[in-house]
Amino acid sequence: MPFAAVVSAGLAHARRWGLLAALLGFAAGWTVWALGRGDPAALVGDDLDLAQRLVALRAGLAGVVVLVGVHVLAARRLGRPLADLAAAWNRRLLLLAGAPACVLLAAPGLAERRGFVPLVVSLGLGLLAAATAAGWRDVLAARPARPRLAAAVLLVLGLGVAAVLIHLGVVRHHALVSNIHDLGIFENVLWRSLHGDLLATSLFPGDTFNHEHFAPLLLALVPFYAVSPRAETLIVVQTLWLCSAAIPLYLFSRRRSGSVALAFAVTLAFLVSPLVHANALWDFHDLTLAVPLVLWALWAHDGDRRLGLALAAGALLLVREEMGLVVAALGLFVALDGRPRRGLVLLGLGLAWFVLVARVFAPGTGVGAHADGLRGNLVEATGYRDLALALLANPLRLPLELLRPDKFGFLLCLGAPLLLLPACAGRLLVLLLPAAAIFVLSGNQYVADPYFHYSSFFLPAVFAAAPVGAVHLQQRLGRPLAHELAAGIVVAALAFGWSFGLPGGSFRAGFHPVPTALTDAERDRHAWLAELARSLPADACVAATGDVGAHLAARRCFAWFPARLDVDYLVLHREDINAKHMPLLRNLRAEQRFRTVDEQHKILVLQRNPER
């Protein structure tokens, strides 16, 4: 067909394709110019002079010319009407409309300064990707599913993510970013358990971990700790165990959705999630142990594997005192999901176990140990009865708490990378009831911080709910959307992971950013500190500041400075001593209760003066 005829025929129907083509071309051209400048912060702040704005406009117009030109040449070469070809390819290139958002994602620290912006961008890009995949539906439908390839890719990705997280966790620990709370506490528990004092720790009153939490599953980690009794072992075990949750998540997602693509996308979203990474890197915590167990329980229920369900539920009960409520919620879901007898057994077991722990095994745990973390007028609550009454007496508490900016933002962090599909999961959402109660009642600001371990309550249920929500959405719309939703999840999860993870510059695990490598000074300091830990007498009682304390916890008598001073040694990092500690430290020196025996790398080692 002559070139002039192609153009004239296409222009006659330009309303079908011209405006969208111009938008896509301009977005692509402008984005190439913007990323080529290497200064996304200037664009986010609109810090451009007139000359730069003219260059940006020309780049966008050049993109329009290129895209329209490609449409024209392709129509002439293939002998197709320009309007038909351009309209079809516009749908297939729809994701280009979101290209400028890449500039936002490239702006360092944006998630920390304006967190809702990258959240909306991630969700918007995911929806655009789903709409783009709709244009490729015929091509995608013609390709056979390759479950072995999907599983192999996820396996390689999971191992790679685990390796990176282990490296970062060890670097973080060696750089003194870890802390007595929580890495030092749990190493002390495991060291004491290895040496015969089961679940004992000198860091809690009563010399027992049961004073604040009931977590007998920690004893299952003792054999691993025995192989290499050091804090790094806990970091490695926690990371591998958490990443292993991808296995039951993939199996459950594939069975529930019947789609390899959806199962692949949801599992990939889990592996690249900054919330998962923060859980793996926040020192060590018993709550993280529950994540794979909940997913294995769901997989076992879905496949009618009664033994697997019993083992997963039993192990889950041993994770921590709150897990009795999680097992009860699991039982409620199982009952609603077609297994009423089995579900009622789990419901009763979970509630009975919860009562036993609260009244017999460890009555000081839970609310009794952490009442000061409750919200508002609940500080005086002394038991779970008070909390239940507070929830039921004021139904407005739930929506008002969930709509607070920090808590609503946290919920968006959970749902946006999954296209908000978990909200469509129906009865599976009952698994979130214990997490929602803790979330609403807690006045601890870190419960709503995505970079802390408290997201462990939400992660397994939210990710498992995504494929279920996808199935329900397809049923309501009456058409298959598996490939479209899978594409949307992949793009949204990658965008969210980029902005809120390490590349975006806002990622942290707990309170502090995660270092990626040690300086020479940090290596020397860690080597000296490790030698100090070996040289201190095994029977000596040691108190330390938080950051160095995580390196000294492998002993029978260990304490946190300044909570305890009747010790043989004080190991104090000057950078971890605040103004409140200085008068105490001056008094100790003035009274000559301790004498300085060493000081290197701003770490002061004091020994009790035997004459005092």
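None of these values were measured; they are calculated from a predicted model.
Looking only at atom types and distance, the side chain of Ser456 has a donor-acceptor partner in the side chain of Asn279 under 3.5 Å away. In this model, a donor atom of one side chain and an acceptor atom of the other lie less than 3.5 Å apart for Asn188 and Thr201.
Look at Arg339 and Asp337 and you find no salt bridge, because none of the NZ, NE, NH1 or NH2 atoms lies under 4.0 Å from a carboxylate O. Using a cut-off of 4.0 Å between Lys/Arg side-chain N and Asp/Glu carboxylate O, Arg172 and Asp283 are scored as salt-bridged.
Closest non-hydrogen pair, Ala329 versus Pro434, comes out as CB-CD, 3.8 Å.
Between Phe500 and Tyr451, the ring centre distance reaches or exceeds 6.0 Å.
A tilted orientation is assigned to the rings of Phe209 and His213, their planes being inclined by 30° to 60°. Using bins of under 30°, 30° to 60° and over 60° for the plane-to-plane angle, the ring pair Tyr446/Phe452 lands in the tilted bin. Ring planes of His301 and Phe333: perpendicular class, angle over 60° (limits at 30 and 60°). A parallel orientation is assigned to the rings of His285 and His453, their planes being inclined by less than 30° (bins at 30° and 60°).
Among the candidates Trp282, Phe284, Phe186, Trp560, the single residue satisfying the ring-ring contact (aromatic ring centres under 6.0 Å, His included) test with His181 is Trp560.
Around atom CZ of Phe224, no more than 12 heavy atoms belonging to other residues, nucleotides or ligands sit under 6.0 Å away.
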